Amino acid sequence: MITFFSRLLLPSVLLLASCSKGGGTEAQTVADSLSTSQMVHEIARCSRLYTTEYKIHKIMTIDDEKRLNVNILSQNIQTKLPGERKLALPIEVTFKAYVDFNEFSEAHVRRTDSSLTVILPDPHVMVVSSAIDHDGVRQYVGLTRQAFTDAEMKDLARRGEAEILKEVGSTQILTSARESAVRTLMPLLQRMGYGEKRVTVTFRKEAFTPAEWQKMITVTKD
Amino acid sequence: MNEVKKQPTNRIGRIIAVVLACGFAAVCISVAFFLRGCSRAKDAVSVTSSKTVEMSASEVRSIRETGEWEFLSVTTEELAELHEGRILGDRDLVCIYRGTLRLGVDLRRAGEDWFTAKGDSAILRLPAISLLSHDFIDEARTTTFYEKGTWDAAAKKQLYEKARKQMLARCMTPQNIEAARQNAENQMSRFFASFGFQGVRIEWEK
(Lines give C-alpha, C1' and ligand atoms only; values in the text may rest on other atoms or scores of the structure.)
Protein backbone atom coordinates (compact mmCIF):
# COMPACT_ATOMS: atom_id res chain seq x y z
CA MET A 1 0.00 0.00 0.00
CA ILE A 2 2.75 2.43 0.96
CA THR A 3 4.72 1.49 -2.15
CA PHE A 4 1.62 2.05 -4.29
CA PHE A 5 1.04 5.56 -2.91
CA SER A 6 4.70 6.50 -3.18
CA ARG A 7 4.71 5.44 -6.81
CA LEU A 8 1.61 7.52 -7.45
CA LEU A 9 2.63 10.56 -5.42
CA LEU A 10 5.91 11.43 -7.11
CA PRO A 11 4.61 11.50 -10.69
CA SER A 12 1.63 13.53 -9.50
CA VAL A 13 3.87 16.12 -7.91
CA LEU A 14 6.00 16.33 -11.02
CA LEU A 15 2.92 16.68 -13.21
CA LEU A 16 1.55 19.51 -11.08
CA ALA A 17 4.93 21.27 -11.03
CA SER A 18 5.09 21.35 -14.82
CA CYS A 19 1.72 23.04 -15.09
CA SER A 20 1.34 26.78 -15.25
CA LYS A 21 -1.79 28.78 -14.71
CA GLY A 22 -1.66 30.31 -18.16
CA GLY A 23 -1.17 27.03 -19.94
CA GLY A 24 2.21 26.01 -21.45
CA THR A 25 5.26 28.24 -21.11
CA GLU A 26 3.91 31.20 -23.00
CA ALA A 27 4.40 34.37 -20.98
CA GLN A 28 1.37 36.53 -20.32
CA THR A 29 1.20 40.20 -19.68
CA VAL A 30 -0.60 41.62 -16.69
CA ALA A 31 -2.64 44.44 -18.08
CA ASP A 32 -4.81 45.19 -15.10
CA SER A 33 -2.69 45.43 -12.01
CA LEU A 34 0.47 46.90 -13.51
CA SER A 35 0.01 49.35 -16.35
CA THR A 36 2.87 50.37 -18.56
CA SER A 37 3.99 53.92 -18.12
CA GLN A 38 5.81 56.12 -20.53
CA MET A 39 7.59 59.37 -20.01
CA VAL A 40 8.71 61.39 -22.98
CA HIS A 41 11.99 62.89 -21.99
CA GLU A 42 12.60 65.28 -24.78
CA ILE A 43 11.26 66.27 -28.15
CA ALA A 44 13.91 68.20 -30.02
CA ARG A 45 13.77 69.95 -33.36
CA CYS A 46 17.00 69.61 -35.22
CA SER A 47 18.60 69.53 -38.63
CA ARG A 48 21.11 66.71 -38.84
CA LEU A 49 22.33 65.01 -41.97
CA TYR A 50 23.39 61.46 -41.12
CA THR A 51 25.93 60.30 -43.63
CA THR A 52 27.57 57.14 -42.25
CA GLU A 53 26.53 54.23 -40.08
CA TYR A 54 28.86 51.82 -38.28
CA LYS A 55 27.80 48.66 -36.49
CA ILE A 56 30.42 47.47 -33.98
CA HIS A 57 30.29 44.10 -32.27
CA LYS A 58 31.97 42.95 -29.09
CA ILE A 59 31.77 39.92 -26.79
CA MET A 60 31.94 40.59 -23.06
CA THR A 61 32.86 37.77 -20.69
CA ILE A 62 32.78 37.53 -16.93
CA ASP A 63 34.24 34.84 -14.67
CA ASP A 64 32.82 34.95 -11.15
CA GLU A 65 34.87 32.96 -8.60
CA LYS A 66 34.00 32.46 -4.96
CA ARG A 67 36.85 32.24 -2.48
CA LEU A 68 36.87 31.20 1.15
CA ASN A 69 39.11 33.37 3.35
CA VAL A 70 40.01 32.12 6.82
CA ASN A 71 42.02 34.20 9.27
CA ILE A 72 43.53 32.07 12.03
CA LEU A 73 46.21 33.33 14.33
CA SER A 74 47.22 36.10 11.90
CA GLN A 75 47.47 33.66 9.01
CA ASN A 76 45.26 34.22 5.97
CA ILE A 77 44.29 31.08 4.15
CA GLN A 78 42.50 31.37 0.80
CA THR A 79 40.89 28.57 -1.11
CA LYS A 80 38.69 28.55 -4.20
CA LEU A 81 35.22 27.19 -3.61
CA PRO A 82 33.81 24.65 -6.04
CA GLY A 83 31.27 25.78 -8.62
CA GLU A 84 31.99 27.88 -11.71
CA ARG A 85 29.97 30.85 -12.92
CA LYS A 86 30.81 32.23 -16.34
CA LEU A 87 28.97 34.40 -18.82
CA ALA A 88 29.65 35.38 -22.43
CA LEU A 89 27.50 38.22 -23.75
CA PRO A 90 27.65 39.52 -27.34
CA ILE A 91 26.60 43.10 -27.90
CA GLU A 92 26.31 45.24 -31.02
CA VAL A 93 26.31 49.04 -30.96
CA THR A 94 25.21 51.19 -33.89
CA PHE A 95 26.88 54.54 -34.41
CA LYS A 96 25.91 57.22 -36.88
CA ALA A 97 28.00 60.16 -37.97
CA TYR A 98 26.23 63.36 -38.86
CA VAL A 99 26.71 66.98 -39.80
CA ASP A 100 24.61 69.38 -37.80
CA PHE A 101 23.06 72.08 -39.98
CA ASN A 102 21.23 73.79 -37.15
CA GLU A 103 23.78 76.60 -37.05
CA PHE A 104 24.52 76.56 -40.78
CA SER A 105 24.25 79.99 -42.33
CA GLU A 106 25.58 82.30 -45.01
CA ALA A 107 28.83 82.51 -43.05
CA HIS A 108 29.58 78.96 -44.16
CA VAL A 109 29.13 79.76 -47.85
CA ARG A 110 31.45 81.71 -50.09
CA ARG A 111 29.90 82.48 -53.45
CA THR A 112 31.27 84.18 -56.50
CA ASP A 113 29.90 84.24 -59.98
CA SER A 114 32.03 81.31 -60.96
CA SER A 115 32.65 79.30 -57.83
CA LEU A 116 31.02 78.06 -54.68
CA THR A 117 32.82 77.07 -51.52
CA VAL A 118 30.94 75.47 -48.65
CA ILE A 119 32.53 75.00 -45.23
CA LEU A 120 30.59 72.30 -43.45
CA PRO A 121 30.34 72.04 -39.67
CA ASP A 122 32.50 69.40 -37.99
CA PRO A 123 30.94 65.92 -38.11
CA HIS A 124 29.81 64.27 -34.92
CA VAL A 125 29.28 60.64 -33.93
CA MET A 126 26.60 59.29 -31.67
CA VAL A 127 25.18 56.02 -30.45
CA VAL A 128 21.77 55.49 -32.01
CA SER A 129 21.05 52.01 -30.72
CA SER A 130 22.53 48.97 -29.04
CA ALA A 131 21.33 45.41 -28.85
CA ILE A 132 22.23 42.33 -26.84
CA ASP A 133 22.36 39.14 -28.89
CA HIS A 134 20.22 37.13 -26.50
CA ASP A 135 20.46 34.00 -28.65
CA GLY A 136 24.24 34.25 -28.48
CA VAL A 137 24.46 34.62 -24.70
CA ARG A 138 26.16 31.67 -23.02
CA GLN A 139 26.35 31.05 -19.31
CA TYR A 140 27.95 28.17 -17.45
CA VAL A 141 26.83 27.90 -13.86
CA GLY A 142 27.73 25.18 -11.34
CA LEU A 143 25.17 23.43 -9.20
CA THR A 144 26.19 25.41 -6.13
CA ARG A 145 25.88 28.81 -7.87
CA GLN A 146 23.04 30.96 -9.09
CA ALA A 147 22.37 31.84 -12.69
CA PHE A 148 23.22 35.35 -13.89
CA THR A 149 20.36 37.75 -13.43
CA ASP A 150 19.06 40.04 -16.13
CA ALA A 151 20.39 42.99 -14.14
CA GLU A 152 23.91 41.55 -14.18
CA MET A 153 23.72 41.01 -17.92
CA LYS A 154 22.54 44.57 -18.52
CA ASP A 155 25.38 45.89 -16.37
CA LEU A 156 27.88 43.92 -18.43
CA ALA A 157 26.30 45.21 -21.63
CA ARG A 158 26.63 48.76 -20.36
CA ARG A 159 30.32 48.23 -19.75
CA GLY A 160 30.69 46.80 -23.22
CA GLU A 161 29.02 49.81 -24.78
CA ALA A 162 31.32 52.14 -22.84
CA GLU A 163 34.37 50.24 -24.07
CA ILE A 164 33.19 50.37 -27.68
CA LEU A 165 32.60 54.10 -27.27
CA LYS A 166 36.22 54.56 -26.21
CA GLU A 167 37.41 52.70 -29.29
CA VAL A 168 35.16 54.23 -31.93
CA GLY A 169 37.55 57.14 -32.34
CA SER A 170 40.15 54.72 -33.68
CA THR A 171 37.86 53.71 -36.55
CA GLN A 172 37.56 55.74 -39.73
CA ILE A 173 34.01 56.77 -38.99
CA LEU A 174 34.64 60.52 -38.93
CA THR A 175 36.65 60.34 -42.14
CA SER A 176 33.87 58.29 -43.72
CA ALA A 177 31.35 60.83 -42.48
CA ARG A 178 33.16 63.71 -44.17
CA GLU A 179 33.54 61.85 -47.44
CA SER A 180 29.93 60.75 -47.39
CA ALA A 181 28.70 64.26 -46.60
CA VAL A 182 30.55 65.59 -49.61
CA ARG A 183 29.11 62.85 -51.83
CA THR A 184 25.59 63.60 -50.58
CA LEU A 185 25.77 67.37 -51.00
CA MET A 186 27.86 67.69 -54.13
CA PRO A 187 25.07 66.84 -56.62
CA LEU A 188 22.77 69.25 -54.81
CA LEU A 189 25.29 72.09 -54.98
CA GLN A 190 26.09 71.41 -58.61
CA ARG A 191 22.40 71.66 -59.43
CA MET A 192 22.50 75.20 -58.07
CA GLY A 193 24.20 76.24 -61.27
CA TYR A 194 27.83 75.54 -60.57
CA GLY A 195 29.85 73.02 -62.51
CA GLU A 196 31.63 70.15 -60.83
CA LYS A 197 35.03 71.79 -60.91
CA ARG A 198 33.77 75.02 -59.42
CA VAL A 199 32.22 73.58 -56.27
CA THR A 200 34.36 72.98 -53.22
CA VAL A 201 33.08 71.34 -50.09
CA THR A 202 35.41 71.46 -47.15
CA PHE A 203 35.43 71.26 -43.38
CA ARG A 204 36.70 73.57 -40.74
CA LYS A 205 39.81 71.48 -40.15
CA GLU A 206 41.41 68.57 -41.94
CA ALA A 207 43.07 67.05 -38.89
CA PHE A 208 41.81 66.88 -35.33
CA THR A 209 43.59 66.15 -32.07
CA PRO A 210 42.48 63.12 -30.02
CA ALA A 211 40.83 65.50 -27.55
CA GLU A 212 38.87 67.12 -30.39
CA TRP A 213 37.85 63.69 -31.70
CA GLN A 214 36.46 62.77 -28.28
CA LYS A 215 34.38 65.96 -28.20
CA MET A 216 32.78 64.97 -31.47
CA ILE A 217 31.51 61.72 -30.00
CA THR A 218 28.17 62.33 -28.35
CA VAL A 219 27.33 60.26 -25.32
CA THR A 220 23.73 60.03 -24.29
CA LYS A 221 23.45 60.38 -20.52
CA ASP A 222 20.58 59.15 -18.35
CA MET B 1 43.27 -5.73 54.74
CA ASN B 2 40.65 -4.46 52.25
CA GLU B 3 40.86 -0.98 53.65
CA VAL B 4 44.61 -0.94 52.99
CA LYS B 5 44.04 -1.91 49.33
CA LYS B 6 41.34 0.73 48.90
CA GLN B 7 43.60 3.64 49.94
CA PRO B 8 46.07 3.39 47.00
CA THR B 9 43.08 3.03 44.60
CA ASN B 10 41.41 6.15 45.94
CA ARG B 11 44.61 8.12 45.66
CA ILE B 12 45.10 7.12 42.03
CA GLY B 13 41.51 7.99 41.29
CA ARG B 14 41.92 11.39 42.81
CA ILE B 15 45.09 12.00 40.84
CA ILE B 16 43.36 11.00 37.62
CA ALA B 17 40.42 13.24 38.43
CA VAL B 18 42.71 16.17 39.12
CA VAL B 19 44.63 15.58 35.90
CA LEU B 20 41.42 15.37 33.90
CA ALA B 21 40.09 18.51 35.52
CA CYS B 22 43.27 20.39 34.77
CA GLY B 23 43.26 19.15 31.20
CA PHE B 24 39.66 20.20 30.72
CA ALA B 25 40.39 23.60 32.18
CA ALA B 26 43.37 24.01 29.87
CA VAL B 27 41.24 23.13 26.87
CA CYS B 28 38.55 25.60 27.91
CA ILE B 29 41.09 28.36 28.38
CA SER B 30 42.65 27.62 24.98
CA VAL B 31 39.27 27.70 23.25
CA ALA B 32 38.43 30.93 25.03
CA PHE B 33 41.66 32.54 23.86
CA PHE B 34 41.10 31.24 20.34
CA LEU B 35 37.58 32.65 20.16
CA ARG B 36 38.77 35.93 21.60
CA GLY B 37 41.45 36.11 18.92
CA CYS B 38 38.96 35.27 16.20
CA SER B 39 36.44 37.88 17.40
CA ARG B 40 39.13 40.55 17.31
CA ALA B 41 40.20 39.63 13.81
CA LYS B 42 38.03 41.24 11.17
CA ASP B 43 36.20 38.79 8.91
CA ALA B 44 37.85 35.77 10.43
CA VAL B 45 35.93 33.57 8.02
CA SER B 46 34.53 35.18 4.91
CA VAL B 47 33.51 34.35 1.42
CA THR B 48 34.54 36.83 -1.26
CA SER B 49 33.62 37.08 -4.88
CA SER B 50 36.19 37.77 -7.55
CA LYS B 51 34.77 38.85 -10.90
CA THR B 52 37.08 39.00 -13.87
CA VAL B 53 35.67 40.88 -16.85
CA GLU B 54 37.29 40.45 -20.22
CA MET B 55 36.25 41.60 -23.66
CA SER B 56 36.98 40.65 -27.20
CA ALA B 57 38.36 43.15 -29.67
CA SER B 58 35.75 45.41 -31.22
CA GLU B 59 34.74 44.17 -34.63
CA VAL B 60 33.23 46.49 -37.23
CA ARG B 61 30.42 44.36 -38.61
CA SER B 62 29.10 46.79 -41.19
CA ILE B 63 29.72 50.21 -42.66
CA ARG B 64 26.90 51.87 -44.53
CA GLU B 65 26.60 55.18 -46.26
CA THR B 66 23.36 56.89 -45.42
CA GLY B 67 21.65 60.06 -46.49
CA GLU B 68 19.13 60.70 -43.76
CA TRP B 69 18.11 64.20 -42.74
CA GLU B 70 16.68 64.28 -39.23
CA PHE B 71 14.24 67.02 -38.25
CA LEU B 72 12.75 65.77 -35.00
CA SER B 73 14.00 63.46 -32.27
CA VAL B 74 11.87 61.98 -29.50
CA THR B 75 13.76 60.57 -26.54
CA THR B 76 11.65 58.31 -24.41
CA GLU B 77 11.50 55.62 -21.74
CA GLU B 78 9.14 52.67 -21.66
CA LEU B 79 8.38 50.23 -18.87
CA ALA B 80 7.67 46.76 -20.21
CA GLU B 81 6.90 43.64 -18.24
CA LEU B 82 6.39 39.93 -18.48
CA HIS B 83 4.47 37.87 -15.96
CA GLU B 84 3.93 34.15 -15.76
CA GLY B 85 1.78 32.57 -13.11
CA ARG B 86 2.81 29.16 -11.85
CA ILE B 87 1.55 26.94 -9.09
CA LEU B 88 4.97 26.79 -7.44
CA GLY B 89 5.63 30.52 -7.75
CA ASP B 90 5.11 33.32 -10.24
CA ARG B 91 7.81 34.71 -12.50
CA ASP B 92 8.16 38.40 -13.26
CA LEU B 93 10.46 40.52 -15.36
CA VAL B 94 10.04 44.28 -15.46
CA CYS B 95 12.48 46.43 -17.42
CA ILE B 96 12.72 50.10 -18.33
CA TYR B 97 13.88 50.57 -21.91
CA ARG B 98 15.33 53.82 -23.29
CA GLY B 99 15.57 54.97 -26.84
CA THR B 100 15.39 57.90 -29.25
CA LEU B 101 13.10 57.90 -32.27
CA ARG B 102 14.36 60.05 -35.12
CA LEU B 103 11.96 61.45 -37.68
CA GLY B 104 13.09 62.91 -40.94
CA VAL B 105 13.63 62.39 -44.62
CA ASP B 106 15.56 59.56 -46.22
CA LEU B 107 17.17 61.17 -49.25
CA ARG B 108 17.96 57.77 -50.72
CA ARG B 109 14.23 57.40 -51.31
CA ALA B 110 14.09 60.76 -53.05
CA GLY B 111 14.54 61.04 -56.78
CA GLU B 112 17.77 62.35 -58.22
CA ASP B 113 16.04 65.61 -59.08
CA TRP B 114 14.59 66.17 -55.64
CA PHE B 115 15.97 69.70 -55.84
CA THR B 116 15.32 72.03 -58.74
CA ALA B 117 16.30 75.67 -58.94
CA LYS B 118 13.83 78.05 -60.62
CA GLY B 119 15.24 81.53 -60.60
CA ASP B 120 15.77 82.48 -56.99
CA SER B 121 13.41 79.80 -55.72
CA ALA B 122 14.18 76.24 -54.73
CA ILE B 123 11.66 73.51 -55.50
CA LEU B 124 12.04 70.42 -53.37
CA ARG B 125 10.28 67.07 -53.82
CA LEU B 126 10.88 65.18 -50.63
CA PRO B 127 9.68 61.77 -49.49
CA ALA B 128 7.24 61.74 -46.59
CA ILE B 129 8.52 62.17 -43.06
CA SER B 130 9.34 58.75 -41.69
CA LEU B 131 11.18 56.98 -38.90
CA LEU B 132 14.80 56.95 -40.01
CA SER B 133 15.72 53.70 -38.26
CA HIS B 134 13.64 50.92 -36.74
CA ASP B 135 16.45 50.12 -34.30
CA PHE B 136 16.24 52.99 -31.84
CA ILE B 137 16.47 51.31 -28.43
CA ASP B 138 19.73 51.52 -26.50
CA GLU B 139 19.40 48.14 -24.83
CA ALA B 140 22.67 48.53 -22.94
CA ARG B 141 21.05 51.37 -20.98
CA THR B 142 18.04 49.29 -20.02
CA THR B 143 17.30 49.06 -16.31
CA THR B 144 16.01 45.83 -14.82
CA PHE B 145 13.49 47.09 -12.31
CA TYR B 146 12.25 43.76 -10.95
CA GLU B 147 13.17 40.19 -11.71
CA LYS B 148 11.85 36.98 -10.24
CA GLY B 149 12.66 33.63 -11.71
CA THR B 150 14.82 32.88 -14.74
CA TRP B 151 13.95 34.04 -18.25
CA ASP B 152 15.28 32.65 -21.50
CA ALA B 153 16.41 34.46 -24.64
CA ALA B 154 13.02 34.14 -26.34
CA ALA B 155 11.28 35.89 -23.46
CA LYS B 156 13.81 38.73 -23.38
CA LYS B 157 13.46 39.26 -27.13
CA GLN B 158 9.70 39.26 -26.69
CA LEU B 159 9.99 41.92 -23.98
CA TYR B 160 12.29 44.04 -26.16
CA GLU B 161 9.88 43.83 -29.07
CA LYS B 162 6.98 44.73 -26.81
CA ALA B 163 8.79 47.84 -25.56
CA ARG B 164 9.70 48.79 -29.12
CA LYS B 165 6.11 48.59 -30.30
CA GLN B 166 4.89 50.60 -27.33
CA MET B 167 7.45 53.32 -28.04
CA LEU B 168 6.41 53.41 -31.70
CA ALA B 169 2.75 53.70 -30.80
CA ARG B 170 3.34 56.55 -28.35
CA CYS B 171 5.90 58.56 -30.31
CA MET B 172 4.94 58.16 -33.97
CA THR B 173 1.90 60.35 -33.52
CA PRO B 174 0.37 62.62 -36.17
CA GLN B 175 1.39 65.59 -34.01
CA ASN B 176 5.05 64.60 -33.98
CA ILE B 177 5.06 63.85 -37.69
CA GLU B 178 3.51 67.23 -38.39
CA ALA B 179 6.06 68.92 -36.12
CA ALA B 180 8.85 67.19 -38.04
CA ARG B 181 7.36 68.30 -41.35
CA GLN B 182 7.09 71.92 -40.23
CA ASN B 183 10.64 71.89 -38.93
CA ALA B 184 11.80 70.38 -42.21
CA GLU B 185 10.25 73.29 -44.10
CA ASN B 186 11.84 75.82 -41.73
CA GLN B 187 15.26 74.22 -41.84
CA MET B 188 15.26 73.74 -45.58
CA SER B 189 14.26 77.37 -46.07
CA ARG B 190 17.18 78.46 -43.90
CA PHE B 191 19.58 76.07 -45.63
CA PHE B 192 18.75 77.23 -49.14
CA ALA B 193 18.58 80.87 -48.03
CA SER B 194 22.28 80.50 -47.15
CA PHE B 195 22.89 79.90 -50.85
CA GLY B 196 20.89 82.92 -51.92
CA PHE B 197 17.51 81.36 -52.60
CA GLN B 198 14.70 83.68 -51.57
CA GLY B 199 11.93 81.13 -51.50
CA VAL B 200 11.64 77.40 -50.93
CA ARG B 201 8.66 75.30 -51.98
CA ILE B 202 8.44 71.75 -50.73
CA GLU B 203 6.25 69.11 -52.32
CA TRP B 204 5.80 66.10 -50.09
CA GLU B 205 5.52 62.72 -51.72
CA LYS B 206 3.18 60.19 -50.19
Side-chain angles (χ1 to χ4, degrees), chain A residues 16-17 19-22 27 30 34 36-50 52-71 101 105-106 109 129-132 134-135 147 149-151 154 157-158 161 163-164 167 180 184 188 191-192, chain B residues 41 44-56 58-88 93 115 117 133 135-140 142 144 147 150 153 155-157 166 170 183 187 191 194-195:
Chain A
L16 285 172
C19 290
S20 64
K21 286 179 184 174
V30 176
L34 295 172
T36 56
S37 64
Q38 176 258 357
M39 177 174 63
V40 174
H41 266 180
E42 181 182 341
I43 297 178
R45 288 173 169 77
C46 52
S47 180
R48 292 175 176 171
L49 178 63
Y50 292 96
T52 304
E53 177 190 273
Y54 269 52
K55 285 186 186 286
I56 300 179
H57 181 267
K58 193 185 257 308
I59 300 176
M60 302 292 292
T61 62
I62 187 167
D63 188 357
D64 184 7
E65 284 183 349
K66 288 277 188 189
R67 290 185 173 273
L68 177 68
N69 301 310
V70 179
N71 287 316
F101 284 99
S105 67
E106 288 178 350
V109 179
S129 71
S130 69
I132 298 170
H134 293 288
D135 290 329
T149 63
D150 190 67
K154 295 289 195 306
R158 202 172 297 121
E161 187 183 57
E163 286 300 318
I164 293 174
E167 298 167 4
S180 183
T184 301
L188 169 71
R191 235 175 275 131
M192 289 183 184
Chain B
V45 178
S46 62
V47 176
T48 56
S49 176
S50 168
K51 292 184 180 178
T52 306
V53 177
E54 292 181 356
M55 54 203 84
S56 67
S58 295
E59 178 192 354
V60 179
R61 283 276 170 101
S62 76
I63 300 172
R64 193 169 67 96
E65 195 168 295
T66 64
E68 300 161 341
W69 209 310
E70 176 192 347
F71 295 108
L72 192 82
S73 66
V74 183
T75 303
T76 184
E77 288 182 339
E78 191 75 28
L79 188 145
E81 58 198 325
L82 288 175
H83 172 78
E84 184 177 336
R86 285 180 165 179
I87 293 175
L88 294 181
L93 181 59
F115 159 71
S133 174
D135 294 324
F136 49 80
I137 292 179
D138 193 349
E139 195 173 4
T142 302
T144 305
E147 181 181 6
T150 54
K156 291 180 184 178
K157 287 197 299 186
Q166 287 172 341
R170 292 182 196 278
N183 191 45
Q187 293 290 343
F191 177 79
S194 304
F195 294 94

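Naming convention: chains lettered A, B, ... in sequence-line order (proteins, then strands); numbering from 1 in each chain. None of the values given here were measured: they were computed from a predicted structure.
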What distance do [X] atom [atom1] and [Y] atom [atom2] have between them, rounded to the nearest 0.5 Å?
{"X": "B:Leu72", "Y": "A:Ile43", "atom1": "CG", "atom2": "CD1", "answer": "6.5 Å"}
{"X": "B:Ser58", "Y": "A:Tyr54", "atom1": "OG", "atom2": "OH", "answer": "13.0 Å"}
{"X": "A:Ile56", "Y": "B:Arg61", "atom1": "CD1", "atom2": "CZ", "answer": "11.5 Å"}
{"X": "A:Ser129", "Y": "B:Asp138", "atom1": "OG", "atom2": "CG", "answer": "7.5 Å"}
{"X": "B:Met55", "Y": "A:Ile164", "atom1": "CE", "atom2": "CD1", "answer": "10.0 Å"}
{"X": "A:Asp63", "Y": "B:Lys51", "atom1": "CG", "atom2": "NZ", "answer": "11.5 Å"}

Among the listed options B:Leu93, B:Thr150, B:Asp135, the residue most often paired with chain A at heavy-atom distances under 4.5 Å
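Answer, by heavy-atom pair count under 4.5 Å with chain A: B:Asp135.
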Using atom types as modelled and distance alone, determine if a side-chain donor or acceptor of [X] lies under 3.5 Å from a backbone N or O of [Y].
{"X": "A:Ser130", "Y": "B:Ala140", "result": "yes"}
{"X": "B:Thr66", "Y": "A:Tyr50", "result": "yes"}
{"X": "A:Thr61", "Y": "B:Glu54", "result": "yes"}
{"X": "A:Arg158", "Y": "B:Thr142", "result": "yes"}
{"X": "B:Ser56", "Y": "A:Ile59", "result": "yes"}

Okay, A:Thr184 and chain B: the region with an atom under 4.5 Å from a heavy atom over there is side chain
Given heavy-atom pairs under 4.5 angstrom as the criterion, report whether the side chain, backbone, both or neither of A:Glu65 touches chain B.
both
Determine the option with the most heavy-atom pairs under 4.5 angstrom with chain B, choosing from A:Asp150, A:Val109, A:Asp135.
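So the answer, after comparing A:Asp150, A:Val109, A:Asp135, is A:Asp150.
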Best-contacting candidate, A:Lys58, A:Glu106, A:Lys66, against chain B by heavy atom pairs under 4.5 angstrom:
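Ranked by heavy-atom pairs under 4.5 Å with chain B, first place is A:Lys58.
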Go through A:Ile132 and B:Lys156 one step at a time and tell me if the side chain to side chain contact (heavy atoms under 4.5 Å, CB included) criterion holds.
CA-CA 10 Å; A:Ile132 298 170; B:Lys156 291 180 184 178; over 6 Å; no
Closest non-hydrogen atom pair between B:Gln187 and A:Cys46, with its separation:
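Smallest heavy-atom distance, with atoms named: CG-O, 4.0 Å.
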Looking at every non-hydrogen atom in both residues, tell me the closest pair between B:Phe115 and A:Arg191 and how far apart they are.
O-CD, 3.3 Å
So do the side chains of A:Leu188 and B:Phe191 get within less than 4.5 Å of each other, counting heavy atoms only?
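Counting from C-beta outward, A:Leu188 and B:Phe191 do come under 4.5 Å.
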Can you tell which part of [X] gets under 4.5 Å to a heavy atom of chain A, answering side chain, backbone, both or neither?
{"X": "B:Asn183", "value": "side chain"}
{"X": "B:Glu68", "value": "both"}
{"X": "B:Glu147", "value": "side chain"}

Go through the steps to decide whether A:Glu163 and B:Val53 satisfy the test side chain to side chain contact (heavy atoms under 4.5 Å, CB included), and finish with yes or no.
CA-CA 12 Å; A:Glu163 286 300 318; B:Val53 177; over 6 Å; no
